[in-house]
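Indexing begins at 1, ligand by ligand and atom by atom, following the structure's order. All values below were derived from every heavy atom in this structure, side-chain atoms included, with hydrogens, water molecules and symmetry-related copies excluded.
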Amino acid sequence: MLKKTFLLLTTLSLFTQGALATPVKRSAQDIDKEVTHLLSKMTIEEKVGQMTQITLAVILDKGSRETGDGLTISKEKLKKAIHTYKVGSILNSTATALSVKQWNRLIKEIQDEALQTPNNIPVIYGVDAIHGVTYTKGSTLFPHNIGLAATRNVELVKLTAKATAKELRATGVRWNFDPVLDLGVNPIWSRFSETYGEDTYLTTQMGLGTIQAYEEDGLENTTAVASTMKHFIGYSDPANGKDRTPAYIPDIVLWEKYLPQFKAAVDAGSSSIMINSASVNGIPVHGSKRLLTHLLRDELGFKGLVVTDWEDVIRLHTRHMVAESPREAVRMAVDAGIDMSMVPKDFSFYEHLVDLVKSGDITEQRLDKSVAIILALKYKLGLFDNAYHEPEAAKNFGKAEYKNLALKAARESITLLKNANDILPLPKNAKILLAGPTGHSHAPLNGSWSYSWQGDVEANYPEDEKTILDAFQKAIGKKNLITHSYAGFNNEKNYDVKGLIKKAKKADYIVLALGENAYAESPGALDDLNLAKNQMQLAQAALATGKPVIIVLAEGRPRIIKDIVAASKAIIQAYTPGSQGAQAISDVVFGDYNPDGKLPYSYPQYTGDFATYDRVYLNDIQQLTPGEMSYNGYKPQWPFGHGLSYSKFEYSKIKISKKVLTGNDELTVSALVTNTSQFDAKHAVELYVSDIFASVSPAVKRLKAFKKIKLAAGQSKRVRFTLTKADLSFVNPELKRIVEAGEFKLAIGSEQINFTYQL
Ligand code: BGC
């Protein structure tokens with residue numbers, strides 16, 4: 001009976017050559033059978049080809065790279081990739097965004113070729129749809145993860161991810177290299193905005209929501225894409241702050257803070273994982289059998305696809321200097337446990353791996369393991385049934401509801417850092433001077449992965465997308481807005497101090513839009529986290545006018561602004577809020593939205609002090625003068641979790657269900673939260689746990705739960721959380737997660753209560 005089903009499915013696949021309209025849900029058993037059968041027919045070369053991923057540029061006509069919709073695939077290069085090198089996967093885009101139609105055409109051309117190979121195996125195409133569909137014209141761009149984490153609203157984050165999945169699938173691409181599960185603990189690192197911030201629990205919840213949204217409908221369906229948790233593991237805290245450079249993270253910390261989010265994502269069934277390009281404790285992760293096989297496969301039980309990052313196999317030879325030759329680099333990475341190499345600019349991986357297998361240095365059985373995983377993912381995604389773009393999926397592109405979602409997410413992300421004497425919201429009939437380099441540009445609001453890799457090409461942004469200036473003009477009318485923000489972050493008129501001083505004379509308030517231009521990955525490297533000098537000068541000049549200054553920050557990472565904090569009346573962190581960010585900022589500034597974002601990181605005050613909120617007590621010790629100790633080591637500009645509202649909240653009446661928690665029992669803790677203001681609000685309530693004494697120095701506190709609630713003016717709500725033993729656990733020196741008996745403190749807002757745990 002099984003055999004019959006298998007034959008039927010195979011015949012159907014061949015017959016239709018990938019044109020089934022209705023998605024086919026295959027059982028795991030069927031997929032296994034199909035894969036085993038296919039593997040039995042494949043040559044070594046075909047298997048190695050499946051493990052090879054190249055970038056789109058490799059198959060494009062010469063000169064077509066910059067041409068966007070005029071982009072053309074070279075038939076000859078495509079044939080070489082697909083037939084000579086039997087390539088199983090392609091990634092990436094060109095320098096400009098393509099239309100959905102163009103993507104559809106591209107995918108069709110590639111699949112037409114792939115389906116003519118002896119075993120008719122479709123190509124799996126992957127891209128980085130990092131905060132919306134990066135490389136497609138007309139897609140909706142949402143806030144980056146750092147802003148999404150500030151919303152503390154997993155349900156909302158799931159909706160944004162679902163919209164991304166739908167828009168991506170509409171292009172014909174079914175594999176997304178997202179979400180980033182790296183911890184944002186090093187604010188100078190140029191990929192900080194791609195993280196959910198410094199906390200493991202927050203990262204886990206946001207990451208899980210995203211993965212669920214991508215995959216929960218079933219990969220065969222037109223509303224789903226395969227997710228990629230990345231970058232496994234320890235990528236985000238390079239010792240010198242530069243991208244793709246060594247991190248030194250003790251195992252006990254790696255296991256405690258960097259591993260749980262990956263473990264949770266593995267358990268949730270994320271389809272693939274991408275590896276950290278750099279090294280941890282001297283060992284390049286791409287060459288680490290300990291991390292890729294013993295930890296990821298054996299301990300975490302990951303069954304999905306392990307893809308390398310860009311060029312990272314050859315770099316074991318060229319950068320890390322751990323492999324004496326390119327061939328040895330390939331052997332090392334395959335032996336360590338990778339399934340697919342993002343080669344991506346040539347066929348060297350293919351050539352070396354074929355040679356390694358033929359000469360017996362790598363077994364064919366080893367290839368089979370990886371190829372089985374790759375083929376299974378292709379089956380799950382329905383590529384064997386219809387490798388082309390799906391008309392059903394195309395209907396889901398560009399819906400108006402995504403824009404509303406982007407606005408909602410941007411509004412909920414925006415974090416009010418300071419609001420002296422409740423100066424915000426500003427009256428709409430006042431005269432406002434808008435100045436600063438992020439006031440009339442799109443790139444700083446969208447950041448990396450926005451219609452191009454770097455996201456810094458203003459011309460790529462949709463014509464109807466608003467800048468802060470556009471949104472302000474709409475909110476208060478042209479006559480109330482004096483402008484000193486000009487298109488283009490680097491436009492020197494943005495830094496004209498004299499002009500600003502002159503225009504300030506007629507203004508009641510100055511809104512200064514500062515921050516960063518867009519950048520992605522290594523090109524965003526910084527040597528100095530201080531906000532750029534020309535912006536600081538602008539701010540000093542604005543403050544010197546004596547007019548009230550409101551600072552709006554559009555920045556992927558927290559730039560140090562200590563010297564202008566005290567004199568500024570209000571400060572708003574907008575992160576990189578995406579396509580509706582300008583509207584959201586305007587809504588907050590003029591009171592059309594009551595802000596509720598909370599910092600997902602400790603905003604540093606000093607360049608030499610990046611302590612995270614969950615530090616241990618010893619981190620706080622400072623010897624100010626010989627013999628005199630103090631506990632003031634954690635002094636961020638604003639702590640993790642900080643975020644003001646136009647409302648005021650009071651916490652009271654904390655209660656726990658029992659004083660002593662035993663074994664695997666649960667404990668409920670709740671507190672009453674009251675909105676004492678006249679404004680309706682949303683508010684994120686957080687629960688922190690502190691282990692008072694433990695055999696490994698305990699963190700001062702750790703976030704263990706959060707809930708976003710709505711509170712009308714004057715309304716009170718009791719907010720409840722449930723804790724289990726797992727929430728009290730920590731990693732011991734043997735790298736085992738354990739729980740010790742003893743006293744714990746719980747904190748919800750200003751309320752605190754202790755309980756005891758008994759084994
Ligand atoms: C990045 C990855 C990304 C890949 C493909 C690399 O440079 O590190 O995060 O998925 O490129 O674009």
*Considering residues, nucleotides and ligands other than K263, do more than 12 of their heavy atoms fall under 6.0 Å from its NZ?*
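Open.
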*Given the rule in the side chain to side chain contact (heavy atoms under 4.5 Å, CB included) test, do Q261 and L183 qualify, once you have shown the distances and angles that lead to the verdict?*
CA-CA 9 Å; Q261 53 274 49; L183 268 194; 3.7 Å; yes
_Non-hydrogen side-chain atoms of W310 and R315 separated by less than 4.5 Å_ =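 The answer is yes, as the side chains (C-beta and beyond) meet within the 4.5 Å cut-off.
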*Six-ring centre of Y519, R557 cation under 6.0 angstrom, axis tolerance 45°*: yes
Distances for all N or O pairs of ligand 1 and the protein under 3.5 Å?
from     : atom 1 : to   : atom 2 : distance (Å)
ligand 1 : 7 (O)  : R244 : NH2    : 2.9
ligand 1 : 7 (O)  : E521 : OE1    : 2.7
ligand 1 : 7 (O)  : E521 : OE2    : 3.2
ligand 1 : 8 (O)  : R191 : NH1    : 2.7
ligand 1 : 8 (O)  : R244 : NH2    : 2.7
ligand 1 : 8 (O)  : D309 : OD1    : 3.3
ligand 1 : 8 (O)  : D309 : OD2    : 2.5
ligand 1 : 9 (O)  : R191 : NH2    : 2.9
ligand 1 : 9 (O)  : K230 : NZ     : 2.9
ligand 1 : 9 (O)  : H231 : NE2    : 2.7
ligand 1 : 10 (O) : D128 : OD2    : 2.5
ligand 1 : 10 (O) : K230 : NZ     : 3.1
ligand 1 : 12 (O) : D128 : OD1    : 2.5

*Could you tell me whether E215 and K380 make a salt bridge, using a distance below 4.0 angstrom between a side-chain N and a carboxylate O?*
no
*asked:* Once side chain to side chain donor-acceptor pair (under 3.5 Å) is applied, do any residues pair with R244, and if so which ones, sequence neighbours excluded?
replied: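 Per chain and number, R244 pairs via side chain to side chain donor-acceptor pair (under 3.5 Å) with S277, E521.
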